[in-house]
Protein chains: 2
Amino acid sequence: MSHKSKPPTDEQIEKVRSFNRFYTRHIGLLNEGLLESAFSLTEARVLYELAHGNPVTAADLGRDLGLDAGYLSRLLKRFDAKGLLRRTPSQDDRRQLLLSLTEQGFAAFGPLNQASATQVAAMLSELSPGERERLVQSMAAVERLVGDGPNSDPAYSLRPHRIGDIGWIAHRQGLLYAQEYGWDETFEALVAEIAASFVKNFDPQWERCWIAEREGEIVGSVFLVRSSGEVAKLRLLYVELSARGLGLGRRLVDECIGFAREKGYRTLTLWTNDVLVAACGIYRAAGFRLVKEEAHRSFGKDLVGQTWDLDL
Amino acid sequence: MSHKSKPPTDEQIEKVRSFNRFYTRHIGLLNEGLLESAFSLTEARVLYELAHGNPVTAADLGRDLGLDAGYLSRLLKRFDAKGLLRRTPSQDDRRQLLLSLTEQGFAAFGPLNQASATQVAAMLSELSPGERERLVQSMAAVERLVGDGPNSDPAYSLRPHRIGDIGWIAHRQGLLYAQEYGWDETFEALVAEIAASFVKNFDPQWERCWIAEREGEIVGSVFLVRSSGEVAKLRLLYVELSARGLGLGRRLVDECIGFAREKGYRTLTLWTNDVLVAACGIYRAAGFRLVKEEAHRSFGKDLVGQTWDLDL
DNA sequence: TGAAATAGTTGACTAAGTCAACAATATGCG
DNA sequence: CGCATATTGTTGACTTAGTCAACTATTTCA
């Protein structure tokens, strides 16, 4: 399973460790917040688990929270003694006790829960709405990526364009091609112009844009514009580094081809450069033919432009 | 300080709490990894702090890591007894002891540090290179946003534009004006076009762009372009919601005026809309005169366009 | 100068967690 | 079926981690 390409860089390792140290400290602070409550952090965690979800067994609880069975047993006994807990013998397995909170248990959990929510709300209140959203998304990303590694669900979804997309796409493509091929800022400007003119002249009857998203983040896109009644043009295909290898480029091209066929175009054409070998591979595999090549100087580099056509 | 707009949503609070629970558990797991080493998590944290950075005092250490002074004192005594620690009386303050590791201390820290790095490396190895980058970036975002809330030091800096900026600006302005005034996607397209044409025709002798950054994030910008030998035009002034009230808008306009004067322009002109009252206030305060108004329909709204001039 | 604060230490304590052993029950295999 | 093996939950005996208040030696500040 861990035959995934190159090892992580030292810098990445260091940054992750730095975050671990940071959050260890942060959790210590959250911990202190519970100080005036009658419960310790571990007790609070157990209460939380019991208050949510269905009755569980002690063994499950211990596994989920990483607690020692003996310790947990005594902790539960304490809860039981205080009348917070109901322990019902399981029908299936008479060794097990199914744990659930009593009304008193919920009553004890309520203020604790409330205090925790208030504490978090106070922290969030210091942030602007935009920052809050970014925090929540970043946390979700960390959780997904750290949470037992090989979950990596490669699921992406496609949607039409909306406000904010074209700027974002110019931004990302500008950076991406500068990084990968050393192209200068005029490339970003070109992307911005093409995307802007697409939006300004957008004719939903004949044109379309596909934005690929994964977890709310744009990971690729493509535009299809009408050149004439017979010819459609595919433009600005791109896939983020982090989303390569999922067949997303191919998928986006296929969407274009399908749409172009459906609308009755006779030819799908596109312009690209020979250095973009991955993209050219996709076009060739999709049935495009290279119909023209010409050298040009753009984006601060000497390039070879290519025109590819597909008969629909 | 916390008069920042609306309160956080329940959903956001719940997601943050979920993350806290998740990472509490995760740190517990990291903890178990240290089990075969001779040190506890807290000891490892102290060793780490001592191994990095300059000599510190025990009080600093306790504050940084959130440890009880008495507990820390004994812990350090243990380290000292094992010969891991050097405690040098401070010159400045004879109550203090400056703490640093001995060679033996570093020798003890080495394997511990290595084990921790290996553990993190193993986790990262399960991810693709793109995922690793996203993890690191998400962690950095969480750390920045959670790290002592009212960090918001209002210091911003100005810099020239570079690759990625114009797309970003179109993206942000598109979203911002959609949110604030309900403008449609053609506004973003207009911003993209103006910014793109600025980059393509950029003449550093006569033109300039100022990007305001705070902690690596763009919080505002403005462009100055040459209309003729005598007339310069100020375009695309914008300030992020999160950076309002810092006088940034005024600062950006002043930069433009200063630059235009320096280059010998006779007039600085700009076009805006009357709904942008904050911006109009800045222009007026800077000495601009409203020279023309005309109603127009753009961005899906009925607007009143305004031309403002400043004699330099 | 003197009151108040701070650095570091210590004694006395509580809370948190670990480990091994145990009874009761369940599971799987020949 | 019956027997070895594993699992659930419990308990006793223990160690580790952390807290709290009191104390000395110093520094700071009015």
Side-chain angles (χ1 to χ4, degrees), chain A residues 24-25 27-47 49-50 55-82 85-100 112, chain B residues 24-25 27-47 49-50 55-82 85-100 112:
Chain A
T24 300
R25 173 84 180 99
I27 285 170
L29 292 178
L30 294 179
N31 206 340
E32 284 171 27
L34 296 178
L35 229 144
E36 65 253 28
S37 90
F39 300 98
S40 74
L41 174 61
T42 304
E43 288 173 325
R45 292 210 290 154
V46 170
L47 273 182
E49 289 296 320
L50 292 174
V56 275
T57 66
D60 287 342
L61 209 49
R63 263 191 299 271
D64 286 354
L65 300 179
L67 299 175
D68 176 80
Y71 180 49
L72 182 58
S73 173
R74 265 180 276 254
L75 191 156
L76 292 173
K77 191 158 64 173
R78 256 187 344 257
F79 282 177
D80 198 357
K82 285 198 245 177
L85 190 63
R86 193 173 11 247
R87 300 200 267 189
T88 336
S90 164
Q91 303 296 339
D92 306 345
D93 184 338
R94 280 184 302 163
R95 294 169 307 177
Q96 297 180 336
L97 296 175
L98 294 178
L99 308 170
S100 56
L112 192 68
Chain B
T24 300
R25 173 85 181 98
I27 285 169
L29 292 178
L30 294 178
N31 205 341
E32 284 172 26
L34 297 178
L35 229 144
E36 64 252 30
S37 89
F39 299 99
S40 74
L41 174 61
T42 304
E43 288 174 325
R45 292 211 289 154
V46 170
L47 273 182
E49 289 297 319
L50 292 174
V56 276
T57 65
D60 287 342
L61 209 51
R63 261 191 299 272
D64 286 354
L65 299 179
L67 297 175
D68 176 79
Y71 180 49
L72 181 58
S73 173
R74 266 179 276 254
L75 191 156
L76 291 172
K77 190 158 63 171
R78 241 166 24 234
F79 281 177
D80 199 356
K82 285 198 245 177
L85 190 62
R86 192 172 12 245
R87 298 200 267 189
T88 336
S90 163
Q91 304 295 338
D92 306 344
D93 184 336
R94 280 182 302 166
R95 294 169 305 177
Q96 297 179 333
L97 295 174
L98 295 178
L99 308 170
S100 56
L112 193 67

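Note that the structure is predicted; figures quoted are calculated from it, not measured.
- Here the side chains of B/L67 and B/L61 are not in contact, with every heavy-atom distance at 4.5 Å or above.
- The nearest pair of heavy atoms linking A/T24 to B/L41 is CG2-CD2, 4.4 Å.
- B/L85 has its CG atom 12 Å from the P atom of C/dG8, to the nearest Å.
- C/dA7 atom P lies 18 Å from atom CG of B/L75, rounded to whole Å.
- In terms of the side-chain hydrogen bond (donor to acceptor under 3.5 Å, both in side chains) criterion, residue partners of B/R95 (sequence neighbours excluded) are, by chain and number, B/D93.
- Rounded to an integer number of Å, the gap from A/N31 CG to C/dA15 P is 15 Å.
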Residue pair A/F79, A/L99: steps toward the side chain to side chain contact (heavy atoms under 4.5 Å, CB included) verdict
CA-CA 11 Å; A/F79 282 177; A/L99 308 170; over 6 Å; no
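- Remark: P of D/dT19 and CG of B/L65 are 13 Å apart, rounded to the nearest angstrom.
- Residue pairs meeting the salt bridge (Lys or Arg N to Asp or Glu O under 4.0 Å) criterion with at least one partner in residues 69-80 of chain A, sequence neighbours excluded, are A/E43-A/R78, A/D80-A/R87.
- Of all non-hydrogen atoms in B/L97 and B/P89, the two that sit nearest each other are CD2-CA, 3.9 Å.
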Counting primed atoms plus P, OP1 and OP2 as sugar-phosphate and everything else as base, spell out the protein contacts along nucleotides 8-17 of chain D at 4.0 Å heavy-atom distance: B, S or - for each nucleotide, 5' to 3'.
SSBBBB---S
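- Along DNA chain C, the nucleotide nearest to A/D92 and the one nearest to A/L72 differ in position, and the one closer to the 5' end is contacted by A/L72.
- In this view, B/D60 and B/R63 satisfy the salt bridge (Lys or Arg N to Asp or Glu O under 4.0 Å) rule, not counting sequence neighbours.
- Relative to the axis of its first five pairs, the axis of the last five pairs of the helix from C/dT1-D/dA30 to C/dG30-D/dC1 sits at 40°, rounded to 10 degrees.
- Not a single salt bridge (Lys or Arg N to Asp or Glu O under 4.0 Å) links B/D64 to another residue, sequence neighbours left out.
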